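Okay, so here's the structure we're looking at.
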Amino acid sequence: MKLFYSRNPNPRLAVAVARHLAAEVEFEFASPFAPGQAERFRPLNPNLSLPILVEAGKSLWEADAIACRLSRAVQSDFWRMGDDEPDMVRWISWGKENFVRACDMVQFERGTKQRYGLGPIDQQLVEEGLSRFRTAAAILDMELSGRNWLVGDAVSHADFRMASFLPFNDAARLPLDDYPNICRWNDRLEEIDAWRDPFRGLDAPELPPVPER
């Protein structure tokens with residue numbers, strides 16, 4: 001299997017999963033939107049987005065689908081099966097529509113747009129994202145009270161997916177400190193080597209810096 005990746009949030013998530021699972025994956029840094037690269041990557045993913053997992057001549061895209069495939073490949077319950085699977089899918093679904101979406105909205109304006117010179121920060125979108133974040137974070141913080149992980153007694157892909165934008169909070173500046181249970185949960189994730197530094201030893205150029213404001 002070969003995993004095409006970059007340092008952006010969803011590719012980072014896929015790399016973290018692969019390394020956490022110690023999956024037998026070849027990693028290749030990629031830039032499908034770079035000049036001359038679209039022709040290579042469009043047959044693998046018509047969206048030209050990363051991550052992309054190639055296996056036996058077939059490609060799989062979307063980080064959650066890749067996490068499912070890698071977990072099955074190594075026979076891990078990181079992607080929960082059986083009675084716990086609906087609960088895990090619930091958190092992935094809710095997260096992407098609520099907590100993760102809010103993080104993404106703010107990080108895109110304060111981080112991605114500034115890194116790549118895509119225009120000024122839209123303060124209205126930042127405020128909308130922060131409002132969504134506060135609503136979702138209050139729910140997540142309450143749900144994390146008295147538990148270490150979202151599903152069962154061990155980390156799962158639900159945790160990785162829910163936290164997928166938090167490693168970029170130096171740019172997003174979301175008010176995480178207002179939510180102590182989220183902070184404790186995030187600290188536990190940071191104790192996992194593959195999550196804290198998924199690119200260690202890989203050829204992974206750093207993201208462009210966010211200009212000082």
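Note that this is a predicted model, so its numbers are computed, not measured. Start at 1 with the first residue, then count along the sequence.
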Within the distance-only criterion (no hydrogens, no angle test), does the side chain of Arg115 pair as donor or acceptor with the backbone N or O of Pro208 below 3.5 angstrom?
yes

Pairing residues for Arg12 by the side-chain hydrogen bond (donor to acceptor under 3.5 Å, both in side chains) criterion, not counting sequence neighbours:
none

Does Glu109 offer a backbone N or O that forms a donor-acceptor pair with the side chain of Gln114 under 3.5 Å?
yes

Sequence-distant partners of Phe41, ring-ring contact (aromatic ring centres under 6.0 Å, His included), two or more places apart:
Phe4

Hits for ring-ring contact (aromatic ring centres under 6.0 Å, His included) against Tyr5, two or more places apart or cross-chain, chain-then-number order -> Phe29, Phe199

Glu24 side chain reached by Met1 side chain, heavy atoms, under 4.5 Å
no

Using only atom types and a distance under 3.5 Å, with no angle test, would you say the side chain of Ser31 pairs donor to acceptor with the backbone of Phe33?
no

Roughly how far, to the nearest 0.5 Å, is CG of Asp178 from CD1 of Ile182?
9.5 Å

Would you check, one step at a time, whether the test side chain to side chain contact (heavy atoms under 4.5 Å, CB included) holds for Met81 with Arg72?
CA-CA 10 Å; Met81 301 292 286; Arg72 291 188 179 192; 3.7 Å; yes

When clusters are formed by joining ILVMFWY residues with side-chain heavy atoms under 4.5 Å apart, either directly or through shared neighbours, do Ile139 and Ile92 land in the same one?
yes

Carboxylate-amine/guanidinium proximity below 4.0 Å for Arg184 and Asp187:
no

Does Trp79 reach the side chain of Glu85, with side-chain heavy atoms less than 4.5 Å apart?
yes

Pairing residues for Ser71 by the side-chain hydrogen bond (donor to acceptor under 3.5 Å, both in side chains) criterion, not counting sequence neighbours:
none

Do Leu166 and Leu189 sit in one hydrophobic cluster, given that two such residues count as connected whenever their side-chain heavy atoms are within less than 4.5 Å of each other, even indirectly?
yes

Determine, for Glu190 against Arg196, whether the closest basic-nitrogen to carboxylate-oxygen distance falls under 4.0 angstrom.
no

Check: Arg147 side chain, Glu143 main-chain N or O, donor-acceptor pair, under 3.5 Å
yes

What is the distance from atom CD of Gln124 to atom CD of Glu127, rounded to the nearest 0.5 Å?
9.5 Å

How many angstroms lie between CG in Leu53 and CD1 in Ile66, if you round to the nearest 0.5 Å?
5.0 Å

Count I, L, V, M, F, W, Y as connected when their side-chain heavy atoms are under 4.5 Å apart, and connections chain through other members. Are Leu70 and Val74 then in the same cluster?
yes

Could you pull out all donor-acceptor pairs under 3.5 Å where a side-chain atom in residues 54-63 meets a protein atom, sequence neighbours excluded?
unit_1: Glu55; atom_1: OE1; unit_2: Arg69; atom_2: NE; d: 2.9
unit_1: Glu55; atom_1: OE2; unit_2: Arg69; atom_2: NH2; d: 2.7
unit_1: Ser59; atom_1: OG; unit_2: Leu44; atom_2: O; d: 2.7

Contacts of Arg7 that satisfy salt bridge (Lys or Arg N to Asp or Glu O under 4.0 Å) - sequence neighbours left out
Glu206

Heavy-atom closest pair (Ala172 atom, Val106 atom, distance to 0.1 Å) is O-CG1, 3.5 Å

Does atom CG of Asp83 have more than 12 heavy-atom neighbours from other groups under 6.0 Å away?
no

All side-chain hydrogen bond (donor to acceptor under 3.5 Å, both in side chains) counterparts of Asp104, not counting sequence neighbours
none

d(Phe108 CZ, Phe168 CZ) to nearest 0.5 Å is 14.0 Å

Would His20 and Trp195 count as a side chain to side chain contact (heavy atoms under 4.5 Å, CB included) if you check the C-alpha gap in whole Å, the side-chain angles of each, and the deciding distance to 0.1 Å?
CA-CA 7 Å; His20 179 65; Trp195 179 258; over 6 Å; no

Would Arg188 and Asn148 count as a side chain to side chain contact (heavy atoms under 4.5 Å, CB included) if you check the C-alpha gap in whole Å, the side-chain angles of each, and the deciding distance to 0.1 Å?
CA-CA 8 Å; Arg188 283 189 289 273; Asn148 289 333; 3.4 Å; yes

If I compare all heavy atoms of Gly82 with all of Pro86, which pair ends up nearest, and what's the gap?
O-CD, 3.6 Å

Which pairs count as side chain to side chain donor-acceptor pair (under 3.5 Å) when at least one residue sits in residues 33-42, sequence neighbours excluded?
Glu28-Arg40

Output the distance between atom OG1 (Thr112) and atom CD (Gln107), rounded to the nearest 0.5 Å.
4.0 Å

Partners passing side-chain hydrogen bond (donor to acceptor under 3.5 Å, both in side chains) against Asp77 (at least two apart in sequence or in another chain):
none

Going only through I, L, V, M, F, W and Y residues with side-chain contacts under 4.5 Å, is there a path from Tyr116 to Leu50?
no

What donor-acceptor contacts under 3.5 angstrom involve side-chain atoms of residues 151-162, with partners at least two apart or in another chain?
unit_1: Ser156; atom_1: OG; unit_2: Ala158; atom_2: N; d: 3.2
unit_1: His157; atom_1: NE2; unit_2: Asp64; atom_2: OD1; d: 2.8
unit_1: Asp159; atom_1: OD1; unit_2: Leu150; atom_2: N; d: 3.0
unit_1: Asp159; atom_1: OD1; unit_2: Trp185; atom_2: NE1; d: 2.9
unit_1: Asp159; atom_1: OD2; unit_2: Ser156; atom_2: N; d: 3.0
unit_1: Arg161; atom_1: NE; unit_2: Asp64; atom_2: OD1; d: 3.0
unit_1: Arg161; atom_1: NE; unit_2: Asp64; atom_2: OD2; d: 3.4
unit_1: Arg161; atom_1: NH1; unit_2: Asn10; atom_2: OD1; d: 3.0
unit_1: Arg161; atom_1: NH1; unit_2: Ser164; atom_2: OG; d: 3.3
unit_1: Arg161; atom_1: NH2; unit_2: Asn10; atom_2: OD1; d: 3.0
unit_1: Arg161; atom_1: NH2; unit_2: Asp64; atom_2: OD1; d: 3.3

Sub-4.5 Å side-chain heavy-atom contact between Cys103 and Asn169
no

For Leu21 and Ser76 the tightest heavy-atom approach is CD2-OG, 3.5 Å

Determine whether Leu3 and Val15 make a side-chain contact, defined as any pair of heavy atoms from C-beta on separated by less than 4.5 Å.
yes

Is the shortest side-chain heavy-atom distance between Asn8 and Pro11 below 4.5 Å?
yes

Looking only at the side chains, is there a donor atom on one of Ser49 and Asn45 sitting less than 3.5 Å from an acceptor on the other?
yes

Distance (rounded to the nearest 0.5 Å) between Met142 CE and Leu144 CG
10.0 Å

Across all chains, not counting sequence neighbours, the ring-ring contact (aromatic ring centres under 6.0 Å, His included) partners of Trp94 are Trp91

If we only count heavy atoms from C-beta on, is the Arg19 to Leu202 side-chain gap below 4.5 Å?
yes

Kindly say whether Val89 contributes a backbone atom to a donor-acceptor pair with the side chain of Arg80 at under 3.5 angstrom?
no

Closest contact, heavy atoms only, Ser6 versus Ala30:
CB-O, 4.1 Å

Given side chain to side chain contact (heavy atoms under 4.5 Å, CB included), test Lys96 with Arg101 step by step and report yes or no.
CA-CA 5 Å; Lys96 290 188 74 172; Arg101 183 180 179 188; over 6 Å; no

Sort and list the pairs that fulfil ring-ring contact (aromatic ring centres under 6.0 Å, His included) and have at least one residue in residues 117-146, not counting sequence neighbours.
Phe99-Phe133, Phe133-Tyr179

